[in-house]
Amino acid sequence: MGKRSIIPYGPQHPVLPEPIHIDLVIEDERVIEAIPSVGFIHRGLESLVDKRDFNQMAYVAERTCGICSFQHGMGYCEAVEHIFGVDVPDRARYLRTIWAELGRMHSHLLWLGLLADGFGFENLFYQAWRVREKVLDMQEMTSGGRLIFSVNVIGGVIKDITDEQMQIILKTMDEVEEELKVLQKTFLEDYSVQSRLHGIGIITKEQAHDLGCAGPFARASGVKVDMRKRGYAAYGELDFEPIVSNAGDSYARCYCRMMEIYQSIDLIRQAIGKIPKDNTLATPVKGNPDGEYFMRVEQPRGEAVYYVKANGTPNLERMRIRTPTFANLPGLCEMLKNTELSDIGLLVLTIDPCISCTER
Amino acid sequence: MSIMKFAPEALKNLFKPPVTTKYPFVPFEYPERARGHIDIEIDQCIGCGMCVRACPSSALSVNKNEGTWTINRFDCIVCGYCVEKCPKKCLSAVPGYQEPEGEKGEATYQKSPEVLAEEKRKREEAAKKAAELKAQKANEQLANEGNKAK
Ligand code: SF4
Ligand code: SF4
């Protein structure tokens, strides 16, 4: 047995985009145990419900995260809508689906870029982000914000996507698909990339299930969970199957996210094809909410849970957000065991950590 | 599995113009809907304060009597909720982001003196009318009471 020592990793680290701190117990360059600590950027966002009314909270909830912003706003609004018992107009449901999938695409492209950066492939990193920029342009064109949409309100949405804009989106989707095929060849087939991803950081199906992993992290280990299958927004009327891989290693995670971008393109095409033409975008709500609801949405990083408890006053009694990264942290620590110290940076990236939303 | 998969792309990119533009020498084109900052047509504003109550980040304040509307642009998150709430539709989210500044400051918009004078005149007129009405009512009441007493 070699000498044990502890190496602190993070919260500031060159490959890490997010402030997580992990104490790595190592023995001869192999990690024996990983002890995470979070809490560097706690913002107290949930306690804002005391000071802001439930309508304002839709804008606050959206700002939990810069990357899955739309899905946070949607999760919160759907929860409050269920408490009110209002039906969201059909067109609004489809619009939400389109925006949510645009968000997923840009998040996954961001991750692919970061992954390439993590294993030192700068050129690939730039190319992934170049493609992502096209998706961001679509978001800015339709909602007015590159990342923060601010289109969700309780009862529906406040902006419409016009027919011309839909055509532009469809055209961009074709372009993105073409460019993605080029990137896919490198990400999934190139020797140097594979040697950095294959067989590293394996989480088995049982482990993923027992540790409650979520999102592409769980799906890459063969656990077929996808909250979109619950059919919120317009997902119930669209045809798709969760993308699952059985290998459970870093390569499988890369594969799942890559394929999910194609899936998102497909879902956007389906949604644009099926979107009903009506003019109402939001059902007005009257009075204050009273009751509680659990809303589960599938964010790019996995399942997010919104718990909202209202007591008939404008201010909610409690709002709780369980973000996907929080669910994935136990899986991450398990995965880091018995790996080489040099792989840690990359492995932490493969769960697509979003610590800022985890700490809210 | 093969090696150098990306080499053809990388070579091609050598002969393509860069995708980034030379901002600020080449101006950036905002899309029509871009939420850059909040603009106000101050002369339309009635000083009702709906926007102040709506703002999630408490960036606004109004003074009805002085005809001013103040925004702290560094607090504003450009969510657009005030735009939704304004009954006179005098607020709008327009393209163009807030420029960097040395210090956090507030921007105050003041109604033009004519509009302010006009409003003041109207207010005084209304107050006068109300006073007259009140006096008339009081007189009538007195007269009524006088009649009853008779
Ligand atoms: S855009 Fe939002 S944050 Fe800015 S002033 Fe209006 S309500 Fe306040
Ligand atoms: S809501 Fe509109 S009219 Fe009322 S104070 Fe604000 S800007 Fe003026």
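The shown structure was predicted, so the numbers you read here are calculated from the model rather than taken from an experiment. Letters A, B, ... mirror the listed sequences (proteins, then strands); counts begin at 1. Quick note: numbers below take in every heavy atom, side chains included, and nothing from hydrogens, waters or symmetry partners.
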Q) So with a 6.0 Å cut-off around NZ of Lys137(B), is the heavy-atom count from everything else above 12? A) no
**Q.** Min side-chain heavy-atom separation Val19(B)-Tyr126(A) under 4.5 Å
**A.** no
Q. Relative to chain B, which segment of Phe121(A) carries a heavy atom at a distance below 4.5 Å: side chain, backbone, both, or neither?
A. side chain
Q | Whether over 12 other heavy atoms sit under 6.0 Å from Tyr251(A) OH | A | yes
**Q.** Among Ser58(B), Gly36(B), Pro95(B), Ala54(B), residue most engaged with chain A (heavy-atom pairs, under 4.5 Å)
**A.** Ala54(B)
Q. Under a 4.5 Å heavy-atom cut-off, does chain B meet the side chain of Gln127(A), its backbone, both or neither?
A. side chain
Q. Based on non-hydrogen pairs under 4.5 Å, which of Asp160(A), Ile148(A), Val151(A), Val193(A) is most in contact with chain B?
A. Asp160(A)
Q: Return yes when atom NZ of Lys122(B) has more than 12 non-hydrogen atoms of other residues, nucleotides or ligands closer than 6.0 Å, and no otherwise.
A: no
Q: Looking only at non-hydrogen atoms, find the nearest pair between Ser143(A) and Arg35(B) and report the distance.
A: O-NE, 3.6 Å
**Q.** Segment of Gln165(A) engaging chain B (4.5 angstrom heavy-atom cut-off)
**A.** side chain
Q.
Are more than 12 heavy atoms, taken from residues, nucleotides or ligands other than Lys85(B), located less than 6.0 Å from that residue's NZ atom?
A. no
Q: Quick one: pull up OG in Ser57(B) and CD in Gln56(A) and give me the separation to the nearest 0.5 Å.
A: 9.0 Å
Q.
What's the separation between atom CD in Glu32(B) and atom CE in Met141(A), rounded to the nearest 0.5 Å?
A. 10.5 Å
Q | Under 4.5 Å from any heavy atom of chain A - which part of Glu84(B) | A | side chain
Q. What distance separates Arg130(A) CZ from Asn13(B) CG, expressed to the nearest 0.5 Å?
A. 6.0 Å
Q: Return yes when atom CD of Glu122(A) has more than 12 non-hydrogen atoms of other residues, nucleotides or ligands closer than 6.0 Å, and no otherwise.
A: yes
(Q) Among Ser192(A), Ser150(A), Gly145(A), which residue has the highest count of heavy-atom pairs closer than 4.5 Å to chain B? (A) Ser150(A)
Q. Heavy atoms, side chains only, cut-off 4.5 Å: are Cys79(B) and Arg63(A) in contact?
A. yes
Q) Is chain A contacted by the side chain of Pro56(B), its backbone, both, or neither, given a heavy-atom distance below 4.5 Å? A) both
**Q.** Interface moiety of Leu183(A) toward chain B, non-hydrogen atoms closer than 4.5 Å
**A.** side chain
